[in-house]
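Encoded as structure tokens, the structure appears first; notes follow it.
Just so you know, these numbers come straight off a predicted model, no measurement behind them.
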Amino acid sequence: MDPVGEPRDGAASRHRWVALAVVTLASFLDNLDANAVTVVLPDIQRDLGAGFTTAQWTLAGYALAYALFLITGGRLGDIHGRKRLFMSGVAGFVLASAVCGAAPTPEVLVAGRFAQGFMAALMVPQAVSVIVTMFHRDEWARAFAVLGAALSVGSVGGPLLGGLLTELDLLGLGWRAIFLINVPLGAIALVLCARSMPESRSDEPLRLDVVGVVLLTAASLGLLYPLVQGREEGWPGWMFALMGCAVVVLAVFVRQQRLRHRRDGSALIPPTLFRHRSAVVGLTVTLLVFSGVASFFLVLTYHLQTGLGWSVMKTALVTAAWPVGITATFQIAWRYGAGRGRLCVGAGSSLMACGALWTLLTVWSAGGGDLSWAQLAGAELVMGCGMGLTTPVLTAVVLGDVPPQDAGAGSGVLNATIQFSSAAGVALLGALYFGSVELGEGVRASAEGFSSATSSVLWCNVGVFVLTAALSSLLPKNTEKEIPKNVSSVPE
């Protein structure tokens with residue numbers, strides 16, 4: 001359904017902008033939750049009497065479910081109708097949010113987070129499709145600018161809103177309010193969607209690769225489950241066997257994708273994507289960047305709140321410097337990065353390494369003592385500036401040499417890689433960190449112990465960002481592709 005050339009009557013115009021408001025609101029809720037949850041994890045853990053693994057699964061479960069079903073969610077919209085899938089995703093996201101907000105046990109919370117990630121994978125991919133199909137080409141820039149601005153507000157406001165709602169303890173809800181606020185807002189989105197959004201679907205949609213999704217899900221869970229649960233369960237032998245089986249399943253998945261692509265071209269991850277160096281290196285860079293970022297904020301939150309006793313709101317104010325930095329440099333990369341992809345990624349990841357090193361030196365010099373709020377905020381601002389230079393150009397760099405017929409699949413793989421790398425970073429470096437601060441049953445590390453554990457993981461973060469800067473030299477020097485002005489350009 002292409003609106004180019006359709007009459008621009010007043011009713012159609014109003015419906016377009018109402019529909020834009022609806023998809024923007026839904027995407028905003030997803031982005032808001034993604035940025036608000038991290039800062040309240042210690043409160044969630046204490047309130048539910050949970051272990052550190054609950055904190056890891058609360059983040060990793062959402063990101064993993066989102067990553068595994070993101071491409072499938074987009075294809076379901078093409079097949080069955082984008083409005084139908086969008087409304088199903090919003091309704092499911094609202095229900096899952098209510099489950100998280102009312103969760104009586106850690107297990108229910110984690111299940112709710114998995115469900116939120118799955119429903120977001122149905123909901124979010126339809127946002128770009130709705131804009132492309134409902135707006136004229138000369139209106140795309142404005143529409144995507146509105147969506148991007150809302151996501152930026154969600155990035156900045158997420159930590160602050162999470163901290164504020166928890167500190168205010170409205171109606172005695174505490175951290176639960178950050179999930180329950182989605183219920184009335186999601187209900188508004190559903191009503192407006194039903195009234196304003198027309199149905200649309202692809203004329204030639206790709207078939208679903210159900211076998212591919214099952215194999216990839218099994219391999220991912222087989223690798224991540226032992227990393228998260230292994231420390232708590234004492235690393236029994238079957239967990240190592242499970243990781244070995246996951247590697248085998250991953251090999252089967254690779255083989256199945258090649259066969260599926262040759263048969264009908266509907267593989268979940270097209271093998272042809274990896275024939276291009278730009279895509280291979282670009283996806284590797286993406287994996288490193290987002291795994292480092294996710295683990296950085298998990299570790300810093302626990303160091304500040306559990307190790308040093310900072311309030312949720314004080315932590316949130318430090319964390320808010322990160323999206324401010326992204327906003328400060330995002331437009332620079334957006335405007336000038338298309339022809340300077342290697343330079344932007346190299347400079348951005350170097351800034352992120354400097355910011356992580358600044359944080360490390362601040363923590364190390366303080367030992368077990370309190371930290372300077374200004375120094376931490378400054379370090380996060382530098383990291384955010386680096387992220388703002390890096391992420392907007394990744395899509396253009398990854399897809400720089402990819403044929404046009406594979407560009408859509410490549411963009412989906414890139415966005416799934418972002419989510420999967422976040423889950424992997426939380427699982428891998430989270431296991432290292434929590435293994436250091438939890439010395440035994442019921443025994444937690446001192447403030448000095450938290451400082452030592454945090455410093456160890458921050459060294460890993462610095463190394464990840466330095467490696468990213470080194471790999472950027474292998475990226476194409478220039479790319480003629482325009483940087484997409486869409487949701488994939490805005491990091492969560």
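What you find for T38 and T301 is that their closest heavy atoms are O-CG2, 3.3 Å. The minimum heavy-atom distance linking Q56 with G430 is given by the pair NE2-C, 3.5 Å. Residues V90 and M123 come closest through the heavy atom pair CG2-SD, 3.5 Å. The minimum heavy-atom distance linking D209 with G212 is given by the pair OD1-N, 3.0 Å. Annotation for P106 and A50: closest pair CG-CB, 3.5 Å, computed over non-hydrogen atoms. Nearest heavy-atom pair, C344 versus T390, reported as atom, atom and distance to 0.1 Å: O-OG1, 4.1 Å.
More than 12 heavy-atom neighbours from other residues, nucleotides or ligands sit within 6.0 angstrom of CH2 on W238. Heavy-atom contacts from other residues, nucleotides or ligands closer than 6.0 Å to CH2 of W364 number 12 or fewer.
Side-chain atoms of T72 do not come within 3.5 Å of backbone N or O of F69 as any donor-acceptor pair. Distance alone, capped at 3.5 Å, is enough to place a donor-acceptor pair between the S473 side chain and the A470 backbone. A donor-acceptor contact shorter than 3.5 Å links the side chain of S291 to the backbone of L288. Between the R342 side chain and the L475 main chain, a donor and an acceptor come within less than 3.5 Å of each other. Not a single donor-acceptor pair under 3.5 Å links the side chain of S220 to the backbone N or O of T217. Side-chain N or O atoms of S295 include one that pairs as donor or acceptor with a backbone N or O of G292 at under 3.5 Å. Proximity of a side-chain donor or acceptor of R207 to a complementary backbone N or O of G265 within less than 3.5 Å is not detected. Checking side-chain atoms of T166 against main-chain N and O of G163 turns up no donor-acceptor pair under 3.5 Å. Under the 3.5 Å distance criterion, the side-chain polar atoms of Q305 are left unmatched by any main-chain donor or acceptor of T315. Remark: side-chain polar atoms of N182 are not paired, donor with acceptor, to backbone N or O of S97 under 3.5 angstrom.
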**Asked** Going through the distances and angles, do T53 and R231 end up as a side chain to side chain contact (heavy atoms under 4.5 Å, CB included)?
**Response** CA-CA 9 Å; T53 56; R231 170 188 49 80; 3.5 Å; yes

**Item:** Stepwise side chain to side chain contact (heavy atoms under 4.5 Å, CB included) test for V299 and L429
**Value:** CA-CA 9 Å; V299 166; L429 293 183; 5.7 Å; no

**Asked** Given the rule in the side chain to side chain contact (heavy atoms under 4.5 Å, CB included) test, do M313 and L160 qualify, once you have shown the distances and angles that lead to the verdict?
**Response** CA-CA 7 Å; M313 195 62 201; L160 296 177; 4.3 Å; yes

**Request:** Would you check, one step at a time, whether the test side chain to side chain contact (heavy atoms under 4.5 Å, CB included) holds for L70 with F118?
**Result:** CA-CA 8 Å; L70 184 62; F118 172 71; over 6 Å; no

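Looking only at side-chain heavy atoms (C-beta outward), L357 and L361 come within less than 4.5 Å of each other. Looking at heavy atoms from C-beta onward, F420 lies out of side-chain contact with L68 at the 4.5 angstrom threshold. Taking 4.5 Å as the limit, every side-chain heavy atom of L64 sits out of range of all side-chain heavy atoms of Q419. Using a 4.5 Å heavy-atom threshold, the side chains of I418 and N415 count as touching. With a 4.5 Å cut-off on side-chain heavy atoms, M383 and F465 count as touching. With contacts defined as side-chain heavy-atom distances shorter than 4.5 Å, the pair L298/Y433 does not qualify. At least one side-chain heavy atom of F290 sits less than 4.5 Å from a side-chain heavy atom of T391. At a threshold of 4.5 Å between non-hydrogen side-chain atoms, the residues W310 and L376 count as touching.
Atom-to-atom distance recorded for L85:CG and L122:CG is 6.0 Å, nearest 0.5 angstrom. Rounding to the nearest 0.5 Å gives a distance of 11.0 Å between CG of L317 and CD of E380. Interatomic distance, OG of S266 versus CZ of R260, reported as 3.5 Å (0.5 Å rounding). How far OH of Y66 is from CE of M119: 14.0 Å, rounded to the nearest 0.5 Å. If you take OG1 on T272 and NE2 on H261, they are separated by 4.0 Å, rounding to the nearest 0.5 Å. Here the SG atom belonging to C100 is positioned 10.0 Å from the OH atom belonging to Y62, to the nearest 0.5 angstrom.
R176 has a carboxylate O that lies under 4.0 Å from a charged side-chain N of D47, or vice versa, which qualifies the two as a salt bridge. Using a 4.0 Å cut-off between charged nitrogen and carboxylate oxygen, D43 and R46 count as a salt-bridge pair.
Checking each of L161, L165, L173 against I178 for a side-chain contact (heavy atoms from CB on, under 4.5 Å) leaves exactly one that passes, namely L165. When each of V39, L41, L48, V312 is tested with W175 by the rule side-chain contact (heavy atoms from CB on, under 4.5 Å), just one qualifies, namely L48. T468 pairs in a side-chain contact (heavy atoms from CB on, under 4.5 Å) with only one of the listed residues (V289, T286, T284), which is V289.
Q45 and Y302 are linked by a side-chain donor-acceptor pair at a separation below 3.5 angstrom, with hydrogens and angles left out of the test. A donor-acceptor pair shorter than 3.5 Å can be found between the side chains of R113 and Q116.
Centroid-to-centroid, the aromatic rings of W235 and F240 come within less than 6.0 Å.
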